Structures are given as C-alpha cells and as structure tokens.
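A quick note: this is a predicted structure, and the numbers were derived from the prediction, not measured. Position 1 is the first residue of the sequence; numbering continues from there.
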Amino acid sequence: QLQASGGGLVQTGGSLRLSCEASGSIFSINTMGWYRQAPGKQRDLVATITSSATTNYADSVKGRFTISRDNAKNTVYLQMSSLKPEDTAVYYCNADVVRLMAWGQKSFSYWGQGTQVTVSS
C-alpha cells in the first residue's frame, strides 16, 4: 500500500511538501515517483527517483520541484516551490515494490490514493 499526504491549497509562489509511504511486506523498492492529473487531462509524470537516487523531472517542474526518498522509511517526498496555478492537480505517488515470493522475487507497481494540490492565482 501507498499512503500519500501533504496536499492542500496554496497561493501562487507558495510551497508544499508531499509525502508517500509504502507499507506492507517489502523486500526492496526500485523506482518511486510522482504523477499528476488535472481535470479532463491524462495522468502525467512529474518526477521519479531510482533506488540509487537518480532523478528525472518533467520539464515543466525542473528547478521548482525536488524529489527525494528515505529508504529506511520507504517514503518518497516531493518538495514543490514557486507553485503556479497550472500545477493544480491530483498528485499520485507510484512505487515499484519488490516482494519475496515462495519461489523468488517479484516486482509490483503500486499507486497511492492521490492528494489534491490547488494553487490559487
């Protein structure tokens, strides 16, 4: 399971920090990431971070958002600064979780429940 938190209402230029914690039987977690979906639009990638902390950002958020993770807590964060009205969306976290099976390891892709971010102009 993934539990996201930290969304809310903020004015243009403000900041928010999203968190997403993975729980359950976890052997390891590969890539973790954040995606967002605005009303009437498809879900788009915001940022991802690998287990070795390699990051990738959408062009629209480069220089304003920072993704990080705490492997000991199975948690991924998204620090959002200089927020704009066009950042308004439901933000979803995603994680590739590796679980131990009777016969070996298997990777599962999980999504969090989504957290609303609204930036007022």
Side-chain angles (χ1 to χ4, degrees):
Q1 276 188 320
L2 295 182
Q3 182 67 43
S5 62
L9 173 65
V10 65
Q11 291 185 334
T12 296
S15 299
L16 280 175
R17 188 192 195 208
L18 306 182
S19 300
C20 178
E21 180 181 6
S23 62
S25 178
I26 299 171
F27 177 71
S28 64
I29 304 177
N30 294 326
T31 299
M32 305 181 83
W34 289 95
Y35 295 73
R36 66 187 181 187
Q37 187 168 19
K41 296 188 177 181
Q42 66 181 18
R43 188 175 299 185
D44 292 326
L45 177 140
V46 175
T48 60
I49 183 167
T50 68
S51 57
S52 58
T54 299
T55 58
N56 178 53
Y57 294 92
D59 288 343
S60 59
V61 306
K62 284 181 181 177
R64 301 187 298 121
F65 291 10
T66 301
I67 190 170
S68 61
R69 63 191 284 174
D70 185 333
N71 292 327
K73 296 181 178 180
N74 294 326
T75 300
V76 62
Y77 305 96
L78 186 69
Q79 178 67 48
M80 305 184 293
S81 303
S82 301
L83 283 161
K84 305 174 181 180
E86 50 264 44
D87 295 317
T88 295
V90 177
Y91 283 70
Y92 297 90
C93 56
N94 175 267
D96 291 329
V97 177
V98 179
R99 301 193 185 281
L100 285 179
M101 315 298 286
W103 40 264
Q105 300 175 16
K106 183 174 174 62
S107 178
F108 298 86
S109 180
Y110 292 102
W111 289 92
Q113 82 282 13
T115 183
Q116 177 70 46
V117 172
T118 302
V119 185
S120 63
S121 58

request  = Let me see the working for Val90 and Tyr35 under side chain to side chain contact (heavy atoms under 4.5 Å, CB included), right down to the final yes or no.
outcome  = CA-CA 8 Å; Val90 177; Tyr35 295 73; over 6 Å; no

message = Between Asp70 and Tyr77, does the side chain to side chain contact (heavy atoms under 4.5 Å, CB included) criterion hold? Intermediate values first, please.
response = CA-CA 8 Å; Asp70 185 333; Tyr77 305 96; 4.0 Å; yes

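In the hydrophobic clustering of ILVMFWY residues, with side-chain heavy atoms under 4.5 Å counting as a link, Leu45 and Tyr92 come out together.
Heavy atoms only, all atoms of each residue included: Ala95 and Leu2 are closest at N-CD1, 3.7 Å. When every heavy atom of Met80 is checked against every heavy atom of Val117, the shortest pair comes out as CE-CG2, 3.9 Å. Looking at every heavy atom in both residues, Ile29 comes nearest to Ala22 through CD1-CB, 3.9 Å. Here the closest heavy-atom approach between residue Met32 and residue Thr75 is recorded as CE-C, 4.2 Å.
Taken from CH2 in Trp34 to CG in Leu18, the straight-line distance is 4.5 Å, to the nearest 0.5 Å.
Screening residues 83-121 for disulfide (SG to SG under 2.5 Å), with sequence neighbours left out, gives Cys20-Cys93. Residue pairs meeting the salt bridge (charged side-chain N to carboxylate O under 4.0 Å, His left out) criterion with at least one member in residues 77-91, sequence neighbours excluded, are Arg36-Asp87, Arg64-Asp87.
The backbone N or O of Val119 lies less than 3.5 Å from a partner atom in the side chain of Thr88, making a donor-acceptor pair. The main-chain N or O of Gln3 is never found under 3.5 Å from a side-chain atom of Gln113 such that the two would form a donor-acceptor pair.
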Less than 3.5 Å apart, which donor and acceptor atoms pair up between the side chains of residues 9-16 and the rest of the protein, not counting sequence neighbours?
unit_1: Thr12; atom_1: OG1; unit_2: Ser120; atom_2: O; d: 2.8

Contacts table for residues 102-111: side-chain donor-acceptor under 3.5 angstrom, sequence neighbours left out:
unit_1: Ser109; atom_1: OG; unit_2: Asn94; atom_2: ND2; d: 3.1
unit_1: Tyr110; atom_1: OH; unit_2: Arg99; atom_2: NE; d: 3.0
unit_1: Tyr110; atom_1: OH; unit_2: Arg99; atom_2: NH2; d: 3.4

All N/O donor-acceptor pairs, side-chain side in residues 46-54, below 3.5 Å, sequence neighbours left out:
unit_1: Thr50; atom_1: OG1; unit_2: Ser52; atom_2: N; d: 3.3
unit_1: Thr50; atom_1: OG1; unit_2: Ser52; atom_2: OG; d: 3.1
unit_1: Thr50; atom_1: OG1; unit_2: Ala53; atom_2: N; d: 3.4
unit_1: Thr50; atom_1: OG1; unit_2: Thr54; atom_2: N; d: 3.0

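In this structure, the side chains of Ile67 and Arg69 stay at 4.5 Å or more apart for every pair of heavy atoms.
Taking the salt bridge (charged side-chain N to carboxylate O under 4.0 Å, His left out) definition, one finds that Lys41 meets it with nothing, sequence neighbours left out.
With 3.5 Å as the limit, one finds a donor-acceptor pair spanning the side chains of Gln116 and Thr118.
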